[in-house]
2 protein chains.
Amino acid sequence: MKRIHVKKGEILQRRGELDSKVYHVVSGLLRSYTLDEKGKEHIFMFAHENWTVGDNLPKDVPCELYIDALEESDVWVLQKDIKREAQNVGAFLKRLSVLQKRIIMLMSASAIERFEHFEKTYPDIIQRVPQKMIASYLGIAPETLSKIKRERYK
Amino acid sequence: MKRIHVKKGEILQRRGELDSKVYHVVSGLLRSYTLDEKGKEHIFMFAHENWTVGDNLPKDVPCELYIDALEESDVWVLQKDIKREAQNVGAFLKRLSVLQKRIIMLMSASAIERFEHFEKTYPDIIQRVPQKMIASYLGIAPETLSKIKRERYK
DNA sequence: AGAATCCATTAATCTACATTAAGAAATGAG
DNA sequence: CTCATTTCTTAATGTAGATTAATGGATTCT
């Protein structure tokens, strides 16, 4: 846990890095964002005074967010040595990362991509709920989901 | 903390309730969802075996999610007596609730509504970042944000 | 079993928002 | 101060996905 000073525009984290840190803003303003295939930015979160940004993934999983400074900032950099806090916190982290992924998908992925991601992530749930509920989860109309699947297998 | 058995279709929680609980699924399948003004359902999350659902709000804040059972289920019902766990967990809960709200907005609100919500929630950040970044956060094109604001004040 | 409800699929039409392009305004660097 | 870059606005056109509606097949209820 150390304190750093960053200038405007400085990049603190890039997608794909391992052992990503958590950043707690003392002063200034950070932002985390993703880049889609077309190179378009999707801002995931702004973090100003007393707020925290960072992927919430285990140390051995590559992170998905870029983090940079929108203003000159003072920041605490926290290691994620989760072990000691164990179970409880681990569960929170898992939920945070699921929600994060969900937001990223809603913002940057098409209906088809969202469905394909869902298929991979929750293969069992697909069998257990009606399609219209999957559509509702994905944020698309049931008719659209139907169309997607048709085009997919033809 | 008690264990309950619920039948398919049973409603465990309605939007607006205070002192909402957290539900941990032992067997079966739950779902949480919102209803928009048009009465349309937007599923926030499926929770199957060993997963957890629930708003992550303080006891005195009305919850935003409905929760019901998609299958006959066994569930642990947990009180949210957060006090003892203090700071750390409190911060997680806050982050979870922000992400939850974000997903709900992305799924059920129009561009204008998302902007108005952002205005209210982060009045200070609006002053500090370019509009195109706010658009990127809201998941809309900068041109659309520009149009929205024009129509708004005319 | 028969009735009623729910669900998936298709097709036609509609709409919110994206994209593109171009000029005006603001910001910043030297 | 001035030129360059970034940002904002406006308008024209395009498109992914919503909406509506109709049909047939499954489920569930009595």
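These numbers come from the heavy atoms of this one structure, side chains and all, not from hydrogens, waters or symmetry mates. If you're wondering where the values come from, they're calculated on a predicted model, not measured in any experiment.
- Under 4.0 angstrom from either OP1 or OP2 of C:dC17 there lies no side-chain N or O belonging to B:T144.
- Both the sub-6.0 Å distance and the 45° axial angle are satisfied by B:R102 relative to the ring of B:Y137.
- Projected onto DNA chain D by closest heavy-atom contact, B:K132 and A:A111 fall at different nucleotides, the more 5' of which corresponds to B:K132.
- Residue-to-nucleotide proximity on DNA chain C shows that, of B:E143 and B:I112, the 5′-proximal contact is made by B:I112.
- At whole-Å resolution of the value, NE2 in B:H42 and P in D:dA18 are 10 Å apart.
- Across all strands, A:G139 comes closer than 4.0 Å only to sugar-phosphate atoms, never to a base (heavy-atom distances).
- Atoms CD (B:Q131) and C1' (C:dA24) sit 15 Å apart, rounded to a whole Å.
- Ion pairing of A:E41 with A:R31 is present here, as a side-chain N (NZ or NE/NH1/NH2) and a carboxylate O approach within less than 4.0 Å.
- A sub-4.0 Å separation between OP1 or OP2 of D:dT19 and a side-chain N or O of B:K40 is present.
- In this structure, A:K7 does not pair ionically with A:E71, as no charged nitrogen and carboxylate oxygen lie closer than 4.0 Å.
- Within the 4.0 Å cut-off from OP1 or OP2 of C:dT9, not a single side-chain nitrogen or oxygen of A:R150 is found.
- Relative to the side chain of B:K8, the nucleotides D:dT9, C:dC17, D:dT28 differ in distance, and D:dT28 lies closest.
- The side chain of B:I140 sits closest to C:dA18 out of C:dA8, C:dA18, D:dA11.
- In this structure, a donor-acceptor pair under 3.5 Å is absent between the side chains of B:S146 and B:E143.
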